[in-house]
Amino acid sequence: MTSDIPPIPAPRVRFAPSPTGYLHVGGARTALFNWLYARQTGGTFVLRIEDTDKERSTEAHTQVILDGMSWLGLDWDEGPLFQGEYADRHRADAERLLAEGKAYRDYLTAQELDGWREQAKAAKIPFRFNRQAMALSADEVARRQAAGAPYAIRFAVPDEEIAWTDAVHGRISWQGRDLDDFIILRSDGSAIYNLAVVSDDIAMAITHVIRGDDHVSNTPKQIALYRALGQEPPVFAHVPMILGTDGKKLSKRHGATAVGDYQDQGILPAAMRNFLALLGWSPGNDDEIVTMEEMIARFSLEAIQSKPAVFDPAKLEWMNGQYLSMLPAIELHDPVVRQLERMGVNWHDAALDPIIDAVKARARTVTSVAEQVATRLPGATVVRDAKGEALVAKMGEQFTTCLALARAALAAVPPGDWQLAPLEAALKETAEREGLKLGDVMQPVRVALTGGTVSEPVNELLAVVGREESLRRMR
RNA sequence: GGCGCUAUCGUCUAGAGGCCCAGGACACAGCCCUCUCAAGGCUGGAACACGGGUUCGAAUCCCGUUAGCGCUACCA
């Protein structure tokens, strides 16, 4: 006997940003969740650019969004599709609703609508669109119709309960009477967001709508539209907002909000992805560093937190540091080169990877790795920092003496032995012979080579900077 | 104002009635390690918003209060 349970169709999800700005971390996380869900279920991830706001949408923004997603490793299976190309279908859907009596023509002009608004304001009651009270007389409608006056199409919201089981929030319900009859088609024939979204999601056979919490109040309107269009609504999952440290919605005044900003700051995509995933979602245990594979395997919409999360840059940096020390230098090569180029550093002909390896354990960002790499390149100018200066002052005469001692010992190391063990031995022997503390000989070398008092172990530093350059810097 | 959502350490969170006088991580403080700084290890302070129920028993279920957020456009 074969099973007669029909196969569950593979989910189709979408990320639908509007190209009116950069890819923000909130959008990036929404995209991530959609992507994770698609990858876990073997579903399809559709990328749709909602460019119907022609005033604010630009191609440059679209490109930035695409770049941001690629950087994060979020590949899409279909698209990018552009909402602007489906205007005919949107209009047809509106006309159909009109023909079926589920929507109606609204001949009210902007001025007349404003008049109602002012009236409400004067009476100190909130403005609501009222189908009966604001209706034009039949004669007036006929007159405007005959004159070919422009009209918008309004959806007649049915007075009934509209409820759904949100995959992250559980049951949410609204009353149709709390919703105004909203416009679905402007008088210029273009669709309003709520209609465009529903029309597209139906046409693209989207099964799960995973989007930001700011859309929950659009959901009842959209469900009403699905019903009116004779379609079953998809599963909705509303993921919480991301807040700034002050508990307010994350915005520019909180600093970097675009994923490109973090790329520039030297955050690794893997760290960003991990951090974003854990902002609102948890694998259910105490794991912090979660690989992509684990995320895909363990992801679930139900495990998404229903309250907003504060974006903590300090934790992002910590996580980035974890990835930095975990990743082999070869994988850091390109990001470091990118930063070096941003810094205008000539790195060509230098063997970067050994330096990256020596330096990455002490950095939390790629930028900081690049800065350290730059100072270890041959010919780099050594600038003493405050701590380096302080050490020189503190040691006084001894600084020069110890440095000379160290230099002599190191100069005696044959080029072929310029390696970790012999270098360390040379320095230790010198300290012992002269009755000096190890630090007294190590620190001056460190300051001479880097300008500061902080670096990898001195023998590694010497190895990475090279014999000739090291001796030159100690002169 | 109306409607909706939300409420565990400063922050991210674990927790789906007894395993919790609440666990982990970031941040913070101290100690260890150590040529410096990271890393790592150890230790410490730090939370179930409030009030009522339900129950033998509630961080967990219900109701209310308070607070925060979202929406309330011919924007998306």
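In what follows, chains carry the letters A, B, and so on, assigned in the order in which the sequence lines appear, proteins first and then strands, with residues in each chain numbered from 1.
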Does [X] reach a base, just sugar-phosphate, or nothing at all? Heavy atoms under 4.0 Å.
| X | answer |
| --- | --- |
| A:Ile172 | sugar-phosphate |
| A:Ser190 | nothing |
| A:Gly452 | nothing |

Nucleotide forming a Watson-Crick or wobble pair with [N], both distances under 3.5 Å:
| N | answer |
| --- | --- |
| B:C56 | B:G18 |
| B:A25 | B:U11 |
| B:U65 | B:A49 |
| B:G2 | B:C71 |
| B:C33 | none |
| B:A39 | none |

Can you tell me how far [atom1] in [N] sits from the matching atom in [M], rounded to whole Å?
| N | M | atom1 | answer |
| --- | --- | --- | --- |
| B:A39 | B:C28 | P | 10 Å |
| B:G23 | B:U36 | P | 35 Å |
| B:U55 | B:U6 | C1' | 26 Å |
| B:G45 | B:G30 | P | 16 Å |
| B:U60 | B:A47 | C1' | 15 Å |
| B:G4 | B:U65 | P | 13 Å |
| B:C12 | B:G51 | P | 24 Å |
| B:G24 | B:G41 | P | 13 Å |

Atom pair distance, as rounded to whole Å: [atom1] in [X] and [atom2] in [N]:
| X | N | atom1 | atom2 | result |
| --- | --- | --- | --- | --- |
| A:Lys307 | B:U60 | NZ | P | 14 Å |
| A:Arg177 | B:G4 | CZ | P | 11 Å |
| A:Leu250 | B:C12 | CG | P | 13 Å |
| A:Asp246 | B:U11 | CG | C1' | 13 Å |

A:Gln372 and A:Ser368: side chain donor to acceptor below 3.5 Å:
yes
So, do A:Tyr193 and A:His215 have ring centers that fall under 6.0 Å from each other?
yes
Are the charged groups of A:Lys428 and A:Glu432 less than 4.0 angstrom apart, N to O?
no
What I want to find out is whether A:Arg89 reaches A:Asp200 closely enough, with some N-O distance under 4.0 Å, to be called a salt bridge.
yes
Would you give a per-nucleotide map of nucleotides 21-41 of chain B, 5' to 3', where B means the base has a protein non-hydrogen atom under 4.0 Å away, S means only the sugar-phosphate does, and - means neither?
--BBBSS-------BBBBSS-
So if I define the base as every atom that isn't primed, P, OP1 or OP2, how would nucleotides 65-76 of chain B read as a B/S/- string at a heavy-atom cutoff under 4.0 Å?
----SSS--BBB
Checking A:Glu294 now: which residues fulfil side chain to side chain donor-acceptor pair (under 3.5 Å) with it, not counting sequence neighbours?
A:Thr291
Nucleic acid contacts - residues 272-280 of chain A versus RNA chain B, non-hydrogen atoms under 4.0 Å:
A:Leu278, A:Leu279, A:Gly280
Which of residues 388-399 of chain A sit near RNA chain B, with a heavy atom under 4.0 Å from it?
none
Is the backbone N or O of [Y] less than 3.5 Å from a side-chain atom of [X], with the two atoms forming a donor-acceptor pair by type?
| X | Y | result |
| --- | --- | --- |
| A:Arg14 | A:Asp201 | no |
| A:Arg384 | A:Ala390 | no |
| A:Arg56 | A:Thr20 | no |
| A:Thr450 | A:Val447 | no |

For the residue pair A:Ile172 and A:Trp164, establish whether any side-chain heavy-atom pair is separated by less than 4.5 Å.
yes
The single option from A:Arg177, A:Arg171, A:Arg227 that satisfies salt bridge (Lys or Arg N to Asp or Glu O under 4.0 Å) with A:Glu161 is A:Arg171
Does OP1 or OP2 of B:U6 have a side-chain N or O of A:His169 closer than 4.0 Å?
yes
Do A:Glu95 and A:Arg91 pass the salt bridge (charged side-chain N to carboxylate O under 4.0 Å, His left out) test, and can you show the C-alpha distance, the side-chain angles, and the key distance before you say yes or no?
CA-CA 6 Å; A:Glu95 297 289 350; A:Arg91 201 173 306 123; over 6 Å; no
Using the six-membered ring wherever Trp is involved, compare the ring planes of A:Tyr22 and A:His61 and label them parallel, tilted or perpendicular (cut-offs 30° and 60°).
perpendicular
Using the ring of each side chain (for Trp, its six-membered ring), is A:Tyr226 parallel, tilted or perpendicular to A:Phe236, with breaks at 30° and 60°?
perpendicular
For the side chain to side chain contact (heavy atoms under 4.5 Å, CB included) test, which of A:Val239, A:Val197, A:Val216 pairs with A:Arg211?
A:Val197
Between side-chain atoms of residues 295-320 of chain A and protein atoms elsewhere (two or more places apart, or another chain), which donor-acceptor pairs fall under 3.5 Å?
| unit_1 | atom_1 | unit_2 | atom_2 | d |
| --- | --- | --- | --- | --- |
| A:Arg298 | NH1 | A:Asp287 | OD2 | 3.2 |
| A:Arg298 | NH2 | A:Asn285 | OD1 | 3.2 |
| A:Ser300 | OG | A:Ala303 | N | 3.1 |
| A:Asp312 | OD1 | A:Ala314 | N | 3.1 |
| A:Lys315 | NZ | A:Glu288 | OE1 | 3.3 |
| A:Asn320 | OD1 | A:Leu268 | N | 2.7 |
| A:Asn320 | ND2 | A:Gly266 | O | 3.1 |
| A:Asn320 | ND2 | A:Arg364 | O | 2.7 |

